Amino acid sequence: MQKIDDDLLARAQQGDEAALAALIARMMPAIRKGAAAFRAPGLDFEDAVQEGLIGLFQAVRGYKPAAGTPFAPYAAACIHHAQQDAQRAALRKKHAPLNFSVPLPDAEEIPQPGPEELAIAGERYADTLQRMQTELSVLERRALVANLHGQPVAQTAQALGTTPKAVANALARARRKLRGE
């Protein structure tokens with residue numbers, strides 16, 4: 001670890017941005033090394049680097065030369081603890097759904113069907129309706145429509161004046177016919 005000049009540290013503590021940037025540049029290898037060690041689901045490398053930078057800022061603010069510890073080891077400990085705390089937070093069980101989930105695509109990313117696909121889908125729909133009228137019996141057609149509207153088989157059977165078994169069989173026949181089996 002590089003030795004940090006006391007003058008540079010004093011200027012950084014007083015708010016000199018150039019001194020703080022030089023301090024960050026000197027400590028960045030330690031921050032990046034720690035970030036590589038503390039990666040976890042929900043805490044990627046860049047986040048761990050940011051946590052290390054936060055630890056460095058805390059070290060700059062809280063360092064007291066009178067304590068007798070050199071700044072570089074004190075800053076390394078602050079960086080280490082900040083990254084370790086971030087890793088612990090990322091590994092908490094309450095974050096597991098976020099760490100292992102897949103983001104939903106934005107509405108703009110979902111491909112929209114073009115005019116050709118819409119025309120083909122319209123033709124398929126019209127063909128299916130035509131086949132329902134010509135290939136299905138009245139019971140099969142009514143059972144299928146009720147099923148498509150989410151009506152339970154028992155309720156459909158009662159409305160059609162038949163048994164639930166007859167409605168279930170009619171649904172199975174209708175599906176087979178429409179699939180072309």
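As the structure is a prediction and not an experimental result, all values here were calculated from the model. Sequential numbering from 1 along the given sequence is applied to the chain's residues.
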| field | salt bridge (charged side-chain N to carboxylate O under 4.0 Å, His left out): pairs with one or both residues in residues 165-174, sequence neighbours excluded | value | Glu140-Arg173
From [X] [atom1] over to [Y] [atom2], what is the distance, rounded to the nearest 0.5 angstrom?
X: Met27; Y: Arg32; atom1: CE; atom2: CZ; value: 14.5 Å
X: Phe71; Y: Gln13; atom1: CZ; atom2: CD; value: 7.0 Å
X: Leu144; Y: Leu171; atom1: CG; atom2: CG; value: 6.5 Å

| Can you find a heavy atom in the side chain of Asn147 that is under 4.5 Å from one in the side chain of Thr156? | no
With sequence neighbours excluded, what pairs up with [X] under the side-chain contact (heavy atoms from CB on, under 4.5 Å) test?
X: Gln50; result: Asp47
X: Ala22; result: Leu8
X: Asp6; result: none
X: Glu51; result: Ile54, Gln83, Ala86

| request: Flag yes if Phe38 and Phe57 sit in one hydrophobic cluster, no otherwise; membership is Ile, Leu, Val, Met, Phe, Trp, Tyr, and two members link when side-chain heavy atoms are under 4.5 Å apart. | output: no
| Among the clusters formed by ILVMFWY side chains lying less than 4.5 Å apart, do Leu178 and Leu129 turn up in the same one? | yes
Residues forming a side-chain hydrogen bond (donor to acceptor under 3.5 Å, both in side chains) with [X], sequence neighbours excluded:
X: Asn169; result: none
X: Asp85; result: Arg88
X: Arg142; result: none

So, for [X] and [Y], which heavy atoms are closest and what is the spacing to 0.1 Å?
X: Leu139; Y: Ala170; value: CG-CB, 3.9 Å
X: Ala90; Y: Leu43; value: CB-CB, 3.8 Å
X: Leu23; Y: Ala12; value: CD2-CB, 4.1 Å
X: Ala154; Y: Pro164; value: CA-CG, 4.3 Å
X: Leu118; Y: Pro113; value: CD2-CG, 3.9 Å
X: Gln87; Y: Ala37; value: NE2-O, 4.4 Å

| task | Enumerate the residue pairs fulfilling side-chain hydrogen bond (donor to acceptor under 3.5 Å, both in side chains) with a member in residues 59-81, sequence neighbours excluded, ordered by first and then second residue. | result | none
| request: With sequence neighbours excluded, give me every side-chain hydrogen bond (donor to acceptor under 3.5 Å, both in side chains) pair touching residues 119-134. | output: Arg131-Glu135
| For Gln151, does the CD atom have more than 12 heavy-atom neighbours from other residues, nucleotides or ligands under 6.0 Å away? | yes
Determine all donor-acceptor pairs shorter than 3.5 Å in which one atom belongs to a side chain in residues 14-21; sequence neighbours excluded.
residue : atom : partner : partner atom : Å
Asp16   : OD1  : Ala18   : N            : 3.1
Asp16   : OD2  : Arg11   : NE           : 3.2

| request: Would you mind listing every ring pair (Phe, Tyr, Trp, His ring centres under 6.0 Å) that reaches into residues 7-26, with sequence neighbours excluded? | output: none
